[in-house]
Amino acid sequence: MAIWTKIITLFRGAAHEAGTAVVDANAMRILDQEVRDAQNALLRARDDLAKIMAQRKIANDKLNDKKAKQVEYSNYIREALARDNRGLAQEVAAKLATVEADIATEAKIIGEYDNSISKLQASSRQAETVIQRLKQQIDTVKATESVQRAQAALAAQHAGTGAKLGTALDSLERIKQRQTERAAQLSVAEEMAAHTGEDADLQRRLAQAGIVPGESSAESILARFETPAPKALGHDSVPQLDHVAAGQKTS
Amino acid sequence: MNTPWTTESLYEALRSDASADLEGVELNLVGGVDPTVSITMHEHGDLALQLAVSGEQIFVSSPLCLASQVKDRNAFNEACLRLNPLNPLSNLGLQSVGGEDLYIVFGELSSRSPLPAVVEEIHVLADNTLQAAEAFADHLK
């Protein structure tokens, strides 16, 4: 496609001028011009097509008239011969000869029209495809431009801070940094877990040794109830029982 | 045929559609005559993608590296051309941004693409960019 060549030529020029905004602006102009050219070509093809189809219709009507005449004259000839009027038959035959020559000519013309019609239809279709492709290309250029402008705006923001435009390299660096941080956090957490783990082990062993109270279980509670109450010295057993019950409750 | 997206409608859809899997993805509509969506990929080291819709096309671009970060431009260009056909769904390109040459990884979709396809494109583009940056480590300063 010639359009590619034109755009590539633009890039070559811009490499020396170091101005790619010029390329983009010109690329759009070239694309716009191409669309307009293709649209004009399409309109012309459609116009020509309409004209030729009208001419073909006229030629076809003429042909049909001639064909009707051909039938008519043929009938006359047959009838004249049947009535032994050879002179009349000959006269009509001369006319039929002209009609048949005309039919041949018209048929040839119609064949040529049909050729032109299919060629014009093909070039219309082609122009339509070209226009569609160019419009897609314009869409691409426009979308690219928007994105490019957005990136340039980002770059400008960074320029003020002295930093470069952030790229995938910065992101990779950031990911590595975060991984390092996460690894550090993880090792701190592991260390802490190990410490509390040591403490837990010590507590467990102390409880086993009976130095610190362990968790109360159903069994230990039952054991407490089953222990026989100490023999009271006095006779007032009822308050003593109350005392024991109260003591047990609070323990 | 469904209606094509515009930059604004796509931004709204991405923000409000609960089915869109955009965890760790920050979206900002950057206004102007031709608005863009600025996408920050927090799970990809805050990689900043730009998205714009124009007519029949959605264009998503991701910054790979600055030309000034490349050791040998010729060797790098060749490496890019060779990697390009192997890169699923994304292309490598070169653009001038703010007077500096920037290598980009970009993807194009039809503006009639369903939302999940756009979301996939965003994730794949971010993945591809970081993988390309890693793969090209030897070429970069």
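Numbered from 1 within each chain, the chains take letters A, B, ... in sequence-line order.
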Checklist entry - Considering all heavy atoms of both residues, which atom of B/L130 and which atom of A/S171 are nearest to each other, and what is their separation? => result CD2-CB, 3.8 Å

Checklist entry - What's the spacing between A/Q151 CD and B/E100 CD if we round to 0.5 Å? => result 12.0 Å

Next on the checklist: Using 0.5 Å steps for rounding, measure from the CG atom of A/L169 to the CG atom of B/L64.
Outcome noted: 6.5 Å

Item to check | Point-to-point distance, once rounded to the nearest 0.5 Å, from CG of A/L172 to CG of B/L47 | outcome: 8.5 Å

Checklist entry - Taking everything shown except B/E8 itself, do over 12 heavy atoms lie less than 6.0 Å from its CD? => result yes

Item to check | Neighbour count above 12 (heavy atom, 6.0 Å) for A/E128 CD | outcome: yes

Checklist entry - Given the options B/I104, B/T36, B/V30, B/T129, which has more heavy-atom pairs under 4.5 Å with chain A than any of the others? => result B/T36

Checklist entry - Residue by residue, which of residues 48-57 of chain B have a heavy atom closer than 4.5 Å to a heavy atom belonging to chain A? => result B/A48, B/Q50, B/L51, B/A52, B/S54, B/G55, B/E56, B/Q57

Next on the checklist: Evaluate B/D34 against A/K142 for salt bridge (charged side-chain N to carboxylate O under 4.0 Å, His left out), listing each step before the verdict.
Outcome noted: CA-CA 9 Å; B/D34 300 310; A/K142 277 188 184 159; over 6 Å; no

Next on the checklist: Rounded to the nearest 0.5 Å, what separates atom CD1 in B/I58 from atom OG1 in A/T140?
Outcome noted: 12.0 Å

Next on the checklist: Please rank A/R178, A/K135, A/K176, A/Q177 by heavy-atom pairs under 4.5 Å with chain B and give me the top one.
Outcome noted: A/R178

Next on the checklist: Whether the side chain of A/T167 engages the backbone of B/C65 through a donor-acceptor N/O pair (distance < 3.5 Å, no angle test) should be reported.
Outcome noted: no

Checklist entry - For B/S61, is it the side chain, the backbone, both or neither that has a heavy atom under 4.5 Å from a heavy atom of chain A? => result both

Item to check | Nearest non-hydrogen partners of B/H44 and A/I175, listed with the distance | outcome: C-CD1, 3.7 Å

